[in-house]
**Q** 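Before I ask anything, let me first share the structure, which is written out below as structure tokens.
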2 protein chains.
Amino acid sequence: MSTDNQQKSAAQRRTIQREVILEELSKLKTHPRSDELYALVRQRLPRVSLGTVYRNLAKLHREGQALEIYCGDFVRYDADVSAHDHFICRACRRVWDFDSGHGHPTVGEPRSGDLAGFVMETQYTMFSGLCPGCSEREG
Amino acid sequence: MSTDNQQKSAAQRRTIQREVILEELSKLKTHPRSDELYALVRQRLPRVSLGTVYRNLAKLHREGQALEIYCGDFVRYDADVSAHDHFICRACRRVWDFDSGHGHPTVGEPRSGDLAGFVMETQYTMFSGLCPGCSEREG
DNA sequence: TTAAGTGCAAATAGTTTGCCAGAGT
DNA sequence: ACTCTGGCAAACTATTTGCACTTAA
């Protein structure tokens with residue numbers, strides 16, 4: 001009886017804010033924090049609020065247009081949603097893209113019987129250690 | 001000239017608090033949050049404070065006796081520090097141990113030249129999706 | 001027209017920290 | 001004794017949310 005085939009997802013409106021947020025995020029390879037991205041977006045939209053940045057990042061993440069990287073203290077964002085992993089420096093906490101070299105094996109059925117029933121959707125590997133700069137500094 | 005061969009790490013004192021915290025954490029396979037662990041420890045040490053739980057968990061983590069699992073909203077802890085990965089349910093946010101089946105390949109030299117200089121220390125894979133209970137509920 | 005989205009500010013909540021008393025070695 | 005630790009409460013900070021106003025469709 002309904003005219004749309006979408007389950008019931010509310011209509012999405014195109015806004016300059018979301019557009020600029022995704023554009024600025026896409027320019028970066030640095031996996032910015034929300035406040036770093038906020039500063040950039042503000043240069044183009046001086047009246048934008050941090051709340052809007054958060055709301056749109058969450059939306060972009062839900063739609064699969066952005067990755068959320070949990071770093072403990074905060075979240076970093078990445079507009080590159082292709083299959084890749086990350087390296088986080090334990091000293092400076094910056095994040096790099098990292099191609100682990102063993103690819104992204106798709107996990108089929110888990111081997112142990114007691115894992116039956118789990119629906120696997122995503123997987124991703126986090127590497128950590130020291131980046132070149134910090135490894136020099138720390139010896 | 002110094003009598004100890006430790007670099008300068010302050011003397012570690014053995015305290016009941018840390019002992020109980022590690023004991024309770026070790027009993028669990030549920031990767032508790034700090035507040036869940038706090039509730040358990042409190043049953044044995046009613047006057048313990050949440051700050052103490054946090055301080056000791058951080059200490060245990062530094063010493064390699066506990067894992068910190070970043071779940072976005074909060075941190076979960078695990079006393080099993082052997083090589084294993086985790087599955088997090090995106091609906092109920094609970095965490096399970098998960099043996100991915102492809103082991104923990106040690107990453108040798110990164111293949112791309114521009115990754116030279118990175119010191120790799122740890123790596124670990126996070127799986128996510130729906131647990132059996134939530135997958136039933138959500139269809 | 002109308003409801004999704006925004007700006008703003010206040011509220012949340014997990015975690016950290018300063019301070020002084022208490023306990024391990 | 002000498003200091004690392006703990007208890008307590010206040011502080012911090014990343015993130016979320018309520019509300020009235022805008023604006024895309």
Side-chain angles (χ1 to χ4, degrees), chain A residues 2-4 6-22 24-25 31-39 41-63 65-77 88 93 95, chain B residues 2-4 6-25 31-39 41-63 65-77 93 95:
Chain A
S2 83
T3 52
D4 60 288
Q6 307 288 63
Q7 288 163 318
K8 79 175 302 181
S9 58
Q12 275 275 78
R13 288 182 188 172
R14 194 152 136 329
T15 66
I16 323 146
Q17 285 88 343
R18 181 153 64 259
E19 225 160 74
V20 171
I21 288 167
L22 183 53
E24 290 302 317
L25 180 59
H31 315 85
R33 294 179 260 116
S34 53
D35 61 300
E36 296 171 325
L37 192 55
Y38 174 52
V41 172
R42 232 182 174 181
Q43 292 179 9
R44 293 174 58 182
L45 305 171
R47 300 191 57 84
V48 81
S49 75
L50 187 53
T52 294
V53 171
Y54 272 110
R55 275 187 286 234
N56 278 298
L57 284 171
K59 194 167 295 192
L60 290 168
H61 178 243
R62 264 182 262 122
E63 293 169 355
Q65 299 192 75
L67 257 39
E68 292 183 344
I69 307 168
Y70 303 145
C71 298
D73 302 341
F74 43 77
V75 180
R76 286 184 175 278
Y77 298 89
I88 181 170
R93 315 235 62 191
V95 170
Chain B
S2 81
T3 54
D4 60 289
Q6 306 288 63
Q7 289 165 316
K8 82 175 301 182
S9 58
Q12 276 276 79
R13 289 183 186 171
R14 194 154 135 330
T15 66
I16 325 144
Q17 286 87 343
R18 180 153 66 258
E19 225 159 74
V20 171
I21 288 168
L22 184 54
E23 274 180 30
E24 291 302 316
L25 180 59
H31 315 85
R33 295 177 259 116
S34 54
D35 62 298
E36 296 172 326
L37 192 56
Y38 175 51
V41 172
R42 233 183 173 179
Q43 292 178 12
R44 292 175 58 183
L45 305 171
R47 299 192 58 83
V48 82
S49 76
L50 186 53
T52 295
V53 171
Y54 273 109
R55 273 187 285 234
N56 279 297
L57 283 172
K59 194 167 296 192
L60 289 167
H61 178 242
R62 263 182 261 122
E63 293 169 355
Q65 299 192 74
L67 257 39
E68 293 182 343
I69 308 168
Y70 304 144
C71 298
D73 301 342
F74 43 77
V75 180
R76 286 182 175 279
Y77 298 88
R93 314 235 64 191
V95 170

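What's counted below: heavy atoms across the whole structure, side chains too, no hydrogens, waters or symmetry copies. Throughout, a chain's letter reflects where its sequence line sits, starting with A, and its residues are numbered from 1.
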**Q** Identify which nucleotide among D/dT15, D/dG6, C/dG24 has an atom closest to any side-chain atom of B/Thr52, counting heavy atoms from C-beta outward.
**A** D/dG6
**Q** Does any donor-acceptor pair link the side chain of B/Arg55 with the base of D/dG7 at a separation under 3.5 Å?
**A**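 Indeed there is one.
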**Q** Between C/dA23, C/dG5, C/dG14, spot the one nearest the side chain of A/Thr15, thanks.
**A**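 Comparing C/dA23, C/dG5, C/dG14 against the side chain of A/Thr15, the answer is C/dG5.
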**Q** Mind checking if B/Asp35 touches a base, just sugar-phosphate, or nothing, with heavy atoms under 4.0 Å?
**A**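 Nothing: the residue B/Asp35, judged by heavy atoms under 4.0 Å, touches no strand.
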**Q** Quick one: on DNA chain C, does A/Asp73 or A/Ser49 contact a more 5' nucleotide (nearest heavy atom)?
**A** A/Ser49
**Q** According to a strict under-4.0 Å criterion, is B/Gln17 in side-chain N/O contact with OP1 or OP2 of D/dG7?
**A** yes
**Q** Is a donor-acceptor contact shorter than 3.5 angstrom present between the side chain of A/Arg14 and the base of D/dA25?
**A**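 Donor-acceptor pair under 3.5 Å: no.
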**Q** Going by the rule side-chain contact (heavy atoms from CB on, under 4.5 Å), which residues pair with A/Glu19 if we only count those two or more places apart in sequence or in a different chain?
**A**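 Residues passing side-chain contact (heavy atoms from CB on, under 4.5 Å) with A/Glu19: A/Arg14, A/Glu23.
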**Q** Return the angle between end axes of the helix from C/dT1-D/dA25 to C/dT25-D/dA1, with five pairs used per end and rounding to 10°.
**A** 40°
**Q** Work out which heavy atom in A/Val53 is nearest to a heavy atom in A/Tyr38; give both atom names and the distance.
**A**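 Answer, listing the atom of A/Val53 first, then A/Tyr38: CG2-CD1, 3.8 Å.
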**Q** How many angstroms lie between atom OH of B/Tyr77 and atom NE2 of B/His31, to the nearest 0.5 angstrom?
**A**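 Spacing of OH (B/Tyr77) from NE2 (B/His31) equals 13.5 Å.
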**Q** Hey, which of these two, A/Lys59 or B/Ser34, hits DNA chain C nearer its 5' end, going by closest nucleotide?
**A** A/Lys59
**Q** Looking only at the side chain of A/Tyr54 (C-beta and beyond, no hydrogens), which of the listed nucleotides C/dA4, D/dT15, C/dT16 gets closest?
**A**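 Nearest to the side-chain atoms of A/Tyr54, counting from C-beta on, is D/dT15.
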